[in-house]
Amino acid sequence: MTMLELPDYGIVGFRADNPGPFTLGGTNSWVVGRDPAWVVDPGPALDAHVSALAAEIERRGGLGGIAVTHHHADHADAVPVLRQRFPAARLAAARGEVDIRLEDGDTFGPLEALATPGHSPDHLAFLAGEAALTGDAVLGHGSVFISPDPGALSAYLAALRELRRRAPAVLCPGHGPPVRDVAAKLDEYIAHRLERERRLVAALDGGRRSVDELLDEAWSDAPAALRPAAAVTLAAHLDKLEEEGRLPTGVERPPRGW
Ligand SMILES: [Zn+2]
């Protein structure tokens with residue numbers, strides 16, 4: 001259990017003990033404000049993790065609500081157990097069985113929802129004062145995989161630019177350490193996607209058409225464990241090129257259904 005303390009912002013993070021190729025050192029759950037506190041992403045349903053969260057919530061005078069950035073298990077599995085412990089807390093997310101469905105611009109307690117599609121189609125980030133809780137839209141290190149839905153990659157780039165425009169002072173990501181050099185991190189994310197696209201277009205221009213060839217050339221740096229995720233992101237990049245009328249014919253598309 002690692003604590004990520006941001007006293008200047010009234011925020012504390014708890015990193016769950018669920019490390020892995022997609023979770024980096026583990027999933028971060030964030031506790032915001034006090035009297036009552038609000039939780040962003042309760043995380044995995046691990047006893048030690050939930051107990052640490054609950055103790056912090058008690059110290060902060062109870063729980064006003066639980067906000068979920070997206071419905072991947074490592075972010076949302078602890079929702080039922082946390083609700084059992086704090087039955088008065090409301091649950092909010094972009095979809096699912098929730099008390100409040102959030103759309104871009106909606107507020108939930110101290111949180112303002114910011115639509116950040118890409119990693120999942122209904123992913124939300126949350127602005128809380130000068131902080132932004134970014135789930136898997138922006139991580140503390142490394143890059144995210146983009147789920148291929150129509151328009152996903154262009155919407156993701158637009159969301160990154162909007163987040164940059166809002167200029168939070170710190171990013172509290174779903175994985176990895178807090179990010180204080182916000183503009184540089186967001187610029188790096190945008191540049192990273194555009195660099196992938198540049199490499200992909202170069203591979204296509206060089207006559208590559210199969211998924212394996214395209215991954216070999218444009219994702220040569222991806223470790224083997226992340227190659228399936230790279231294929232998913234490749235699909236999103238191919239969608240974007242197709243939307244823009246830039247996709248040559250005869251390109252093999254990665255299978256759908258991640
Ligand atoms: Zn995650």
Side-chain angles (χ1 to χ4, degrees), residues 1-4 6 11-32 38-46 48-50 52-53 66-82 91-96 98 102 111 113-128 131-149 152-153 155-156 159-160 163 170-179 185-186 188-189 192-193 222-223 225-233 235-236 257-258:
M1 175 71 52
T2 308
M3 272 179 86
L4 307 159
L6 298 163
I11 294 175
V12 63
F14 293 87
R15 178 167 303 152
D17 189 18
N18 64 333
F22 296 107
T23 59
L24 306 178
T27 302
N28 299 329
S29 298
W30 299 97
V31 183
V32 179
W38 299 73
V39 165
V40 174
D41 286 353
L46 300 171
H49 182 68
V50 174
L53 270 183
I66 303 166
V68 175
T69 59
H70 65 301
H71 285 83
H72 290 170
D74 63 307
H75 295 258
D77 267 3
V79 165
V81 51
L82 203 61
L91 176 64
R95 65 168 173 87
V98 295
L102 296 175
L111 309 171
L114 183 66
T116 44
H119 180 73
S120 70
D122 45 13
H123 191 289
L124 297 174
F126 296 98
L127 293 159
L133 303 113
T134 55
D136 285 0
V138 182
L139 304 184
H141 51 80
S143 68
V144 302
F145 78 83
I146 306 300
S147 165
D149 291 276
L153 189 52
Y156 180 59
L160 292 176
L163 186 56
V170 66
L171 305 179
C172 303
H175 308 275
V179 175
K185 172 62 81 175
L186 293 173
E188 173 199 316
Y189 259 60
H192 174 73
R193 293 269 67 97
L226 295 181
R227 196 160 162 106
V232 169
T233 303
W258 167 256

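Just follow the structure's listing: the first ligand is 1, and inside any ligand the first atom is 1.
Nearest N/O/S atom of Asp74 relative to the Zn ion (ligand 1): this is OD2. Within Asp136, the N, O or S atom at minimum distance from the Zn ion (ligand 1) carries the name OD2.
Backbone or side-chain N, O or S atoms of His75 reach the Zn ion (ligand 1) at under 2.8 Å. Distance check for His72 against the Zn ion (ligand 1): none of its N/O/S atoms falls below 2.8 Å.
Side-chain contact check for Asn18 and Thr23: no donor-acceptor pair (N or O, by modelled atom type) lies under 3.5 Å.
The main-chain N or O of Gly43 is never found under 3.5 Å from a side-chain atom of Asp77 such that the two would form a donor-acceptor pair.
The six-membered or imidazole ring of His119 lies near that of Phe145, with a centre-to-centre distance under 6.0 Å. Taking the six-membered ring for Trp, His175 and His141 have ring centres at least 6.0 Å apart.
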